[in-house]
Amino acid sequence: MSGAREMSAQMTIHVAGDERSVAEGTTAADLFGADRAVVVARVNGVLVDLAHAVADGDRVEPVRIDEPDGLMVLRHSCAHVLAQAVQQVNPDAKLGIGPPIRDGFYYDFDVEKPFTPEDLKSLEKVMQRIINEGQTFHRREVSDADALVELKDEPYKCELVGLKGGMSHDDEDAGASVEVGAGTLTIYDNLRKDGSRAWGDLCRGPHIPDTKLLGNAFKVMRSAAAYWRGDQANNQLQRVYGTAWPTKADLTAYLDRLAEAEKRDHRKVGAELDLFSFPDELGSGLAVFHPKGGVLKREMEDYVRRRHIEEGFEYVGTPHISKEGLFHTSGHLPYYKDTMFPPMEFEGADYYLKAMNCPMHNLIFRSRGRSYRELPLRLFEFGSVYRFEKSGVVHGLTRVRGMTQDDSHSYITPEQAPAEIKHLLNFCLGLFRDFGLDDFYLELSTRDDKHKDKFVGSDEDWQIATKVLEDACVESGLELVPDPGGAAFYGPKVSVQARDAIGRTWQLSTIQYDFNQPKGFQLEYTAADGSRQQPVMIHSAKFGSIERFIGVLTEHYAGAFPPWLSPVQVLGIPVADDFNDYLWDVLAQMKSQGIRVELDDSDDRFPKKIRNASKSKVPFILIAGAEDMAAGAVSFRYRDGSQKNGVPVAEAIEEVIAAIRDKRQV
RNA sequence: GCUGGAGUGGCGCAAUCGGUAGCGCACCUGUCUUGUAAACAGGUGGUUGCGAGUUCGAGUCUCGUCUCCAGCUCCA
């Protein structure tokens, strides 16, 4: 190093776009170290430690702690501090992997006893001490053989060393790539101020220069079990989740966001607003809709049904159960049996609750000869399906065992596929906008080529289907995220993901290209030349499930639904009993025009009625007292607490009607 | 399904070392009722999720089971 300096050989590099001449041996820290907010560098597109020495011709950019890559590194380094803390408290804990994730990080450990909430609290204290020590991260290259010797007490790390090179995509997904990259193995040592080694971990890096940067803007969140390398067949490790941010204020803001999400939780809001419940007596994952939730559900269904018909769908109806043969033909019993409820046997046949509507729609298609002139033939219904979801995954309305799909099947010629998919995609997006969601991206789920046994159909069929879907996605201009291995057993799918009011994403629509069921059901139509041809079918559920969508909307609006969906649209509150009749007369006029109204004629005093009304989140509170009555008027109180007094009755009615008609939020 | 946590009136919570279940809201009754987030008084309601066990005695300890929560694995 000093030799190089003496020679003072110069080299040319590009720093954040500017060409600069620097001495050989210059590190990223030399270039950016003065700014503590710069935590790592990007050299020729690759993230490296600040201690990394740049080479002639390198393109070097600073990476700040608050940009996405910087946050990932910060969180990854925090995961190391957590692991150090765990091994300090429990030297027998074996290390799994510890990657950064969205908003935080986790680290997996093999420990005798799972972590208790108290353990997590004390771990946080130990972490804080490590951070306050100002330990520095140092990268050290090791050979595979040396690594295996050094890590002889870390069986999981050794396994990762053995995997290096032959790493599969699954492992990358599971975060293993954070520990070992494709190239030389590296170990990161944490050194104390006096230069002694506090801890070390097999890791690809890079890391922040020192632990001080973590400050007090981190938190250990929770622990849970996780399978080693994400495989149910492997050991369960104890995973500790944490979060880390550039500043304490960022951490607080994040915790506030979590609190906001909790406040919006549809299970909580649904109970508060008397929308739906999940009676134990029914069984797990089965919801009942109360009158107010019933209004919401009916409004949605009525609108969605009408829109389907306008878009060229035909409304059909099918039963909830069927003899097993049907689900053999469709492929569900061979490929999907675990997710179906066990059969009930009677009259010598096994009957299954349906998990999908498509087989029954196929029977409708097949009920008579079909002409090419009928295509696209689009069958649609609100189909009740039942799925035997594993007990641990059932969750509110978003993951249930009994649900209503707004399910349709388009029977088309292969040539019609691109146009039909585009049509469906636009239809879905339009529906979401009507419901107040307007931020989307697409996910393309394809077959996992390594597990072909989970999917039916030839390579060629899959290739064609995938290409058609992908083209439609690209053409939509929306962001497209690949999801390898996520396809249905009978074909690839596109799903529409929507972001809600607080930025969370939900999977809603799915559009699936299916060449298998037409084969299985021997569907055919007569082409123009008189030949018999096999149609392609496109499955599409716009909201996925009505139940889930109600859950999503409840959280999106935090229960304050736009007037057209609100169970009660106008709630009348008289200033005193004497105005009950006058106010009811106004409400009755609204009611006769289809507006959902209620009058609070309870014995409560006026302020209490206002409070109750506010908590119920009705969009329009209508107030009438002596002044209003004298003027033939009413007063509005809106959800934000604002007020509009002395509105002539006719005007008030028009205001409410317009808001409902325009599907406006108020 | 797996790991951990938790189930106490409709909802939110309390109950010390194991000593026989209490509060607020809601609900019911009565007296009230005049302009923007809680009038006052009284009252009803619980086999502490369910079933065993330990104990003189179990909300509390043990086992089983069901349900919920967090995550894993899956998925609309």
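Chain letters run A, B, ... following the sequence lines, proteins first and then strands; every chain starts at 1.
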Does the [N] base have a donor-acceptor partner in the side chain of [X] within less than 3.5 Å?
| X | N | answer |
| --- | --- | --- |
| A:R387 | B:C75 | no |
| A:K609 | B:U36 | no |
| A:Y227 | B:G1 | yes |
| A:E389 | B:A76 | yes |
| A:S635 | B:G35 | yes |

Nearest-Å distance, [atom1] ([X]) to [atom2] ([N])?
| X | N | atom1 | atom2 | value |
| --- | --- | --- | --- | --- |
| A:D108 | B:G4 | CG | P | 15 Å |
| A:K113 | B:G5 | NZ | P | 12 Å |
| A:D280 | B:C50 | CG | C1' | 11 Å |
| A:D103 | B:G71 | CG | P | 13 Å |
| A:I101 | B:G71 | CD1 | P | 10 Å |
| A:M340 | B:C75 | CE | C1' | 16 Å |
| A:H332 | B:A76 | NE2 | C1' | 13 Å |
| A:N234 | B:C72 | CG | C1' | 12 Å |

Looking at every strand, decide which applies to [X] at a 4.0 Å heavy-atom threshold: base, sugar-phosphate, or nothing.
| X | answer |
| --- | --- |
| A:D338 | nothing |
| A:V394 | sugar-phosphate |
| A:A626 | base |
| A:Y241 | sugar-phosphate |
| A:A226 | sugar-phosphate |

Across all strands shown, which nucleotide pairs with [N] by Watson-Crick or G-U wobble geometry, both distances under 3.5 Å?
| N | result |
| --- | --- |
| B:C2 | B:G71 |
| B:G30 | B:C40 |
| B:A21 | none |

Name the closest nucleotide to the [X] side chain, picking from [options].
| X | options | result |
| --- | --- | --- |
| A:S391 | B:G1, B:A37, B:C72 | B:G1 |
| A:P114 | B:G71, B:G4, B:G35 | B:G4 |
| A:D603 | B:G1, B:C32, B:A38 | B:C32 |
| A:E627 | B:G35, B:G71, B:U33 | B:G35 |
| A:F579 | B:C32, B:A76, B:U34 | B:U34 |
| A:T510 | B:G35, B:G71, B:A76 | B:A76 |
| A:R548 | B:A76, B:C74, B:U34 | B:A76 |
| A:S284 | B:U36, B:C68, B:C32 | B:C68 |
| A:R239 | B:U34, B:U36, B:C72 | B:C72 |
| A:Q236 | B:A76, B:A39, B:G71 | B:G71 |

Minimum side-chain heavy-atom gap A:Y106-A:M221 below 4.5 Å: no

Steps toward side chain to side chain donor-acceptor pair (under 3.5 Å) verdict (A:N235, A:Y227): CA-CA 6 Å; A:N235 266 1; A:Y227 300 106; over 6 Å; no

Under 4.0 angstrom between [X] side-chain N/O and [N] OP1 or OP2:
| X | N | value |
| --- | --- | --- |
| A:Y638 | B:U36 | no |
| A:K268 | B:G12 | no |
| A:K608 | B:A26 | yes |
| A:R267 | B:A70 | yes |

Polar side-chain atom of A:H361 near backbone of A:S410 as donor-acceptor pair, under 3.5 Å: no

A:L508 vs A:D231, nearer the 5' end of RNA chain B by closest nucleotide: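 Per heavy-atom nearest nucleotide, the more 5' residue is A:D231.
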
Position toward the 5' end of RNA chain B (nearest nucleotide), A:D604 or A:D265: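 The residue mapped nearer the 5' terminus is A:D604.
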
From CA spacing to verdict: side-chain contact (heavy atoms from CB on, under 4.5 Å), A:K292, A:L273: CA-CA 8 Å; A:K292 288 200 165 80; A:L273 300 185; 6.0 Å; no

Partner set under salt bridge (Lys or Arg N to Asp or Glu O under 4.0 Å) for A:R267, not counting sequence neighbours: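 Partners of A:R267 by the salt bridge (Lys or Arg N to Asp or Glu O under 4.0 Å) criterion, ordered by chain and then number, come out as A:D265.
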
Close aromatic pair by centroid cut-off 6.0 Å: A:F543 and A:F432: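 So the answer is yes for these two rings.
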
Output field: ring centroids A:F313/A:F427 closer than 6.0 Å: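 When the ring centroids of A:F313 and A:F427 are compared, they turn out to be within the sub-6.0 Å range.
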
Pi-cation contact, A:Y315 with A:R305 (under 6.0 Å, within 45°):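 Checked: cation-pi criterion met.
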
